[in-house]
Amino acid sequence: MPELPEVETVRRQLEREVVGRRIKSVEVRGTRTVRRQSPEELQRRLEGARITGVERRGKYLLVELDTGDLLVIHLRMSGQLVRAAAKDEVSKHTHVIITFTQGGQLHFVDPRTFGELFVVAADAIDEQAPELAQLGIDPVDEPMSWTTFARVLQAHPMKLKAFLTDQSLLAGIGNIYADEILFAAGLRYDRMTDSLSSQEIRRLYRAVVETLHEAIRYGGSTLADEQYVDLHGRPGQFQEHHHVYNREHQPCRRCRRNPVLKTKFQGRATYYCGVCQV
DNA sequence: CGATCTACCTGATGGC
DNA sequence: TGCCATCAGGTAGATC
């Protein structure tokens, strides 16, 4: 589900909706969502804390607390953060309910239960959450020059889609946006990183930055299963602007003649135009 | 070291 | 209808 644009959409909404609020109580249901520490520890460290900010690194959300702790949230495939009222009915797959002292709740909903919440001390995050320390450059949060991009690209010979989705090199790009970025750059998913001309490197760099920002502008992508909705339960709109993802057999939006092709790469569906991408 | 697979889950969909 | 296989935005860990 959520990749950088969806997580960033939720981050911006959280910034408006929950910063300044104090956590009154935390209810953990089920055993999978809070698995790195006991639910009791998570509750103890959250209850009474005031939220001071919401940051994002790649696909991770970092909710900053006035206690010096961070609430780290990863939505994985099917996680959602949804605002709710105490009187609202709690859906079947709601695994964590955070209630604020001023009223209102935040629900963590996740049918597939791959998503995760945990609390760490902000100053111990690198030791206690090594997966965060390993993240590469976030192309939206940490704008980089195209020469920096080129250096990272050329230092790691691999196929372009593997490069784009490697969270330790660039943080935040997943299966949808890798395909959309490669289409925008006019490059095939299986081109090698070290085979690109400097013009192609610049095209890819521009495509990374522009595609992600454009997707954020449209509130991210929601597919037919509606696994991604924003804080207010609303779907994104960027799927209407996809050029290749989920468009197998439909005409390429650039050349308007050739059908979008679908193949499998690294076990994932991969969409591309066999003519416009070289 | 990289690549390839498998596991973690529920639910939707399509073929028979 | 039902049953079974396949697939879905992600990532970590095992194995080769």
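Chain identifiers are assigned alphabetically (A, B, ...) following the order of the sequence lines, protein sequences preceding nucleic acid strands; residue numbering begins at 1 within each chain.
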Nearest-nucleotide comparison on DNA chain B, the residue closer to the 5′ end among R32(A) and A224(A):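 Comparing both residues, the 5'-ward one is R32(A).
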Closest-nucleotide 5' rank along DNA chain B - winner of K92(A) and A162(A): A162(A)
Separation of the P atoms in dC8(B) and dC3(C), to the nearest angstrom: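 It comes out at 25 Å once rounded to the nearest Å.
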P gap between dC9(B) and dG2(C), integer Å: 27 Å
Exam field: side chain Q37(A) to backbone V34(A), donor-acceptor pair closer than 3.5 Å: no
Touch class at under 4.0 angstrom, heavy-atom based, for Y245(A) against every strand present: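 Sugar-phosphate only.
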Touch class at under 4.0 angstrom, heavy-atom based, for Y60(A) against every strand present: sugar-phosphate
Distance-only donor-acceptor test (3.5 Å): side chain R268(A), base dA8(C):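 Absent.
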Is the phosphate of [N], meaning OP1 or OP2, less than 4.0 Å from a side-chain N or O of [X]?
X       : N       : value
K159(A) : dA3(B)  : no
H93(A)  : dG11(B) : yes
H74(A)  : dG10(C) : no
Q167(A) : dG10(C) : no
R112(A) : dG11(B) : no

In whole Å, I'd like the distance from the [atom1] atom of [X] to the [atom2] atom of [N].
X       : N       : atom1 : atom2 : answer
Q80(A)  : dG10(C) : CD    : C1'   : 15 Å
Q266(A) : dA8(C)  : CD    : P     : 14 Å
F108(A) : dC9(B)  : CZ    : C1'   : 13 Å
D110(A) : dT11(C) : CG    : P     : 13 Å
E3(A)   : dA8(C)  : CD    : P     : 13 Å
N246(A) : dC7(C)  : CG    : P     : 14 Å
E116(A) : dG13(C) : CD    : P     : 11 Å
F118(A) : dA12(C) : CZ    : C1'   : 13 Å

Pi stacking test for F114(A) and dC9(B): under 5.5 Å apart, planes under 30°: no
Pairing of E27(A) and R29(A) as salt bridge, 4.0 angstrom limit: yes
Check ion pair R57(A)-D141(A) (N to O, under 4.0 angstrom): no
Side chains of Q167(A) and Y60(A), donor plus acceptor under 3.5 Å: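 Note: Q167(A) and Y60(A) side chains miss the donor-acceptor criterion.
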Side chains of R32(A) and T113(A), donor plus acceptor under 3.5 Å: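 Yes - a donor-acceptor pair under 3.5 Å links their side chains.
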Gap between atom OG of S145(A) and atom OH of Y205(A) - 0.5 Å precision: 6.5 Å
Identity of whatever pairs with dC9(B) - Watson-Crick or G-U, under 3.5 angstrom: none
